[in-house]
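Below: one structure in structure tokens.
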Amino acid sequence: MEKTQPARGMRDFLPADVRRREYVIGVVRGVYERYGFEPLETPAVENIETLTGKYGEEGNQLIFKILKRGEHERTGAADLALRYDLTVPLARVVAEYGERLPKFFKRYQIQPVWRADRPARGRFREFYQCDLDATGSRSMIVEAEICAAASDVLAQLGFTNFTIRLNHRQVLAGVLDAAGVAPELHGDALIALDKLDKIGAEGVARELIERGVAGAAGAKLLRFFEGVAGIEKAAESVDVGAPGTEREAFNAAMLGRLVEFLGEHEAGARGVDELRQILQFAEATGAGARIKIDPSLARGLSYYTGAIMEISVPDLAGSLGGGGRYDHLVGMFSKQEVPACGFSLGLERIIVVMTEREMFPADLVSAAADVLVTIWDESSAGDALALARELRAGGLRVDVYPERGDKVGKQFKYASTRGVPFVAVAGPDERARGEVSLKDMRSGEQQTVRSAAAAETLKTLLKGNGDG
RNA sequence: UUGGCUGUAGCUCAACGGCAGAGCGUCGCACUGUGGAUGCGAAGACGACGAGUUCGAUUCUCGCCAGCCGACCCA
């Protein structure tokens with residue numbers, strides 16, 4: 001026997017799964033459209049050179065490659081690859097269609113991406129991202145709106161305790177420069193710093209040394225981040241005022257500390273200013289109360305150039321989504337530099353958390369049909385199908401019992417176990433009078449109506465029961 | 001890439017170096033024009049896969065694969 005499980009890290013979605021996914025996607029799409037974003041779809045497969053070199057060292061290795069076909073197959077060389085995210089394909093699209101797209105191109109894209117990663121909780125090799133990007137503008141209004149949209153999505157899904165962590169690549173670089181970390185070690189230092197919340201200051205110190213960032217630079221860096229932790233504590237004790245005071249105090253203090261630490265660093269100072277603008281704009285949106293400056297946030301993808309953000313919830317180690325500004329990515333595909341900023345929500349992670357917390361509406365797992373039409377015998381199968389047709393024309397979801405030999409009791413049982421709320425029976429008596437019997441499986445009540453009125457009757461009953 | 005745990009019926013899980021068990025689910029019957037409840041009965045397992053130790057392995061050992069948890073990384 002061949003194994004029948006899906007390939008590693010890939011999943012089949014049974015009907016209940018698909019319903020849950022479509023529910024979340026529906027909310028995402030609705031919010032994104034309300035922010036004026038337009039749908040885009042791109043191929044699963046890209047030319048391999050489109051993808052390589054865009055994600056950094058790690059990302060490069062996680063790209064699913066597709067071997068050359070035909071006579072070149074033996075060489076093992078790849079010329080195509082499955083897309084790794086939706087941002088790079090967008091950049092390619094923007095470069096390709098240039099002027100034909102609006103000046104400010106706002107698109108959303110909900111499609112699967114593939115990563116040759118090791119599967120884990122909330123992490124798969126094929127997963128959906130719900131991306132939201134705006135190209136053509138350098139304004140921090142874009143960042144604020146994108147944070148607001150992501151925040152609206154989660155709020156509408158029922159999340160109450162998420163945080164949008166916000167940082168800035170230039171600020172990060174500035175902090176490292178100011179601490180005296182050599183430019184070629186920035187990457188290593190960031191990887192270590194990113195773990196601050198997990199392994200603590202001592203852990204980061206150890207890792208910094210391991211990665212070659214030792215001595216004065218490492219110490220200065222850590223002192224800065226210890227100061228950051230102190231700000232957090234201080235802010236916690238100011239929470240007596242209106243809601244949000246703590247967070248505002250924290251963000252303000254954090255920006256102040258950054259300015260102080262960065263000193264004359266020009267790019268860093270500009271970054272801080274951008275963060276300040278984002279905070280200010282976001283105050284007018286639903287995201288305002290969610291954003292927290294986090295100077296240790298780094299993010300793995302190499303194409304970010306400005307603000308970076310990530311959404312986290314307490315009960316999931318990873319993030320629910322992340323994004324940032326990438327002003328040079330489109331330029332990698334064309335001479336024209338096009339600034340851009342975007343955000344990606346991870347559908348699978350949202351679903352993992354929502355499933356665990358039972359955040360899905362109860363009626364999502366509703367029955368496949370509103371009514372099951374039973375089959376009486378050989379000769380009346382045609383009548384049953386005709387009745388089904390009539391009910392369907394009336395807008396009902398209708399299942400026809402497929403086997404003619406089975407006793408009516410069995411057919412009722414089938415409807416019952418599948419949760420179909422109504423059963424229609426047209427035996428010899430009913431048919432002789434042009435009628436059909438309708439049984440409400442939940443109340444057990446049954447009534448006989450003219451066939452022509454069956455659809456209307458059922459619709460009324462379904463509406464009356466309300467929770468369908 | 002790395003450490004730990006697990007792998008037995010469709011599902012959840014027992015027991016045991018010597019005949020493989022339950023609950024739930026499925027199917028049948030009691031109930032030949034009516035489901036849910038109850039009772040009775042049935043089907044369903046090459047014990048993930050491969051090798052070794054043994055008179056004998058589901059059990060012990062090794063390998064391999066898969067899943068879960070943590071590290072690394074990420075959505």
Side-chain angles (χ1 to χ4, degrees), chain A residues 1-11 14 24 28 55-62 83-87 110-132 150 190-192 194-195 198-199 203 207 210-211 297-302 309-313 316-324 342-353 372 374-377 380 401 405-431 436-446 448:
Chain A
M1 278 274 269
E2 277 176 60
K3 69 170 178 185
T4 51
Q5 302 145 319
R8 182 157 199 219
M10 314 277 175
R11 291 156 305 154
L14 296 181
V24 175
V28 171
Y55 303 108
E57 186 78 22
E58 290 279 345
N60 253 353
Q61 294 176 343
L62 297 178
R83 66 170 165 243
Y84 180 88
D85 70 358
L86 302 176
T87 307
I110 302 171
Q111 285 193 285
V113 304
W114 292 266
R115 294 184 188 176
D117 220 339
R118 185 160 195 257
R121 178 177 131 90
R123 186 211 251 146
F124 306 93
R125 287 181 157 183
E126 176 182 59
F127 61 97
Y128 273 67
Q129 290 193 324
C130 310
D131 271 42
L132 185 71
L190 288 181
I191 290 169
D194 200 38
K195 301 175 192 167
K198 257 188 259 174
I199 61 179
E207 182 145 349
E210 277 166 30
R211 290 177 182 272
L297 175 68
R299 289 189 62 71
L301 300 179
S302 63
M309 48 258 185
E310 206 163 276
I311 292 194
S312 40
V313 289
L316 189 77
S319 63
L320 289 184
F343 197 90
S344 178
L345 282 171
L347 180 66
E348 334 297 323
R349 299 216 164 152
I350 290 173
I351 289 172
V352 164
V353 175
L372 174 79
T374 56
I375 296 281
W376 194 257
D377 57 23
S380 64
Y401 195 86
D406 286 347
K407 283 183 284 195
V408 192
K410 198 165 168 181
Q411 303 189 38
F412 270 81
K413 186 169 183 173
Y414 179 74
S416 176
T417 55
R418 297 215 54 205
V420 178
F422 287 92
V423 173
V425 180
D429 298 348
E430 286 92 342
R431 266 177 293 133
V436 56
S437 292
L438 305 173
K439 177 161 179 174
D440 185 329
M441 298 300 279
R442 291 171 293 192
S443 66
E445 285 164 25
Q446 181 166 322
T448 303

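Proteins get letters first, then strands, A, B, ... in listed order; numbering begins at 1 in each.
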- Whichever of A:G346 and A:G9 has its nearest RNA chain B nucleotide further upstream toward 5':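 Looking at the nearest nucleotide for each, A:G9 comes out on the 5' side.
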- Length of the line joining A:Y84:OH and B:C74:P, which is rounded to integer Å: 8 Å
- What string of B, S and - do you get for nucleotides 29-36 of chain B, 5' to 3', if B is base contact, S is sugar-phosphate-only contact and - is no contact with any protein heavy atom under 4.0 Å? S---BBBB
- What is the distance from CZ of A:R11 to C1' of B:A66, rounded to the nearest Å? 16 Å
- Task: Taking the side chain as every heavy atom from C-beta outward, state whether A:V420 and A:M441 have any pair of such atoms under 4.5 Å apart.
- Result: no
- Watson-Crick/G-U partner (both atom distances under 3.5 Å) of B:G36: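 Its partner: none found.
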- Please give, in whole Å, the distance from B:U26 P to A:D406 CG? 15 Å
- Do A:V425 and A:V436 touch side chain to side chain, with heavy atoms closer than 4.5 Å?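 Side-chain contact under 4.5 Å: no.
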- Between atom CD in A:E126 and atom P in B:A75, what is the gap in whole Å? 17 Å
- Message: In whole Å, measure the gap between the C1' atoms of B:G56 and B:A22 for me.
- Response: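 The answer is 27 Å between these two C1' atoms.
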- Message: Within the 3.5 Å criterion, strictly below it, is a donor on A:Y401 or A:D406 matched to an acceptor on the partner's side chain?
- Response: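 Looking only at side-chain atoms, A:D406 and A:Y401 do form a donor-acceptor pair, the distance falling under 3.5 Å.
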- Item | Side-chain (A:R115) to main-chain (A:Y84) donor-acceptor, under 3.5 angstrom |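 It does hold such a pair.
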- Looking only at side chains, do A:S312 and A:S319 share a donor and an acceptor under 3.5 Å apart?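 Checked: A:S312/A:S319 side chains show no N/O donor-acceptor pair below 3.5 Å.
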- Query: Do A:R11 and A:F124 meet the cation-pi criteria used here (NZ or CZ under 6.0 Å from the six-membered ring centre, within 45° of the axis)?
  - Reply: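 Verdict for A:F124: a cation-pi partner in A:R11.
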- Message: Taking any heavy-atom pair under 4.0 Å as a contact, classify A:R118: base, sugar-phosphate, or nothing.
- Response: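 Base contact - A:R118 has a heavy atom under 4.0 Å of at least one base atom.
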- Where the side chain of A:R125 meets the backbone of A:D117, is there a donor-acceptor pair that is under 3.5 Å apart? yes
- So, is B:C19 syn or anti if syn means the angle is within 90° of 0?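 Syn, since the glycosidic angle lies within 90° of 0.
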- Task: Send over the distance from A:Q61 CD to B:U1 C1', rounded to a whole Å.
- Result: 10 Å
- Message: What is the distance, to the nearest angstrom, from the CZ atom on A:R115 to the C1' atom on B:A75?
- Response: 6 Å
- Query: Hey, is B:C27 sitting syn or anti, using the within-90° cutoff around 0?
  - Reply: anti
- Item | Pair partner, B:C19 [Watson-Crick or wobble, under 3.5 Å] |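 By the stated definition (distances under 3.5 Å), nothing pairs with B:C19.
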- Message: Nearest whole Å is fine: how far is B:C74 P from A:I311 CD1?
- Response: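 Answer to the nearest Å: 18 Å.
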- Task: Identify the nucleotide, in any strand shown, that forms a Watson-Crick or G-U wobble pair with B:C24, with both distances under 3.5 Å; if there is none, say none.
- Result: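 B:G10 - that is the nucleotide pairing with B:C24, both distances being under 3.5 Å.
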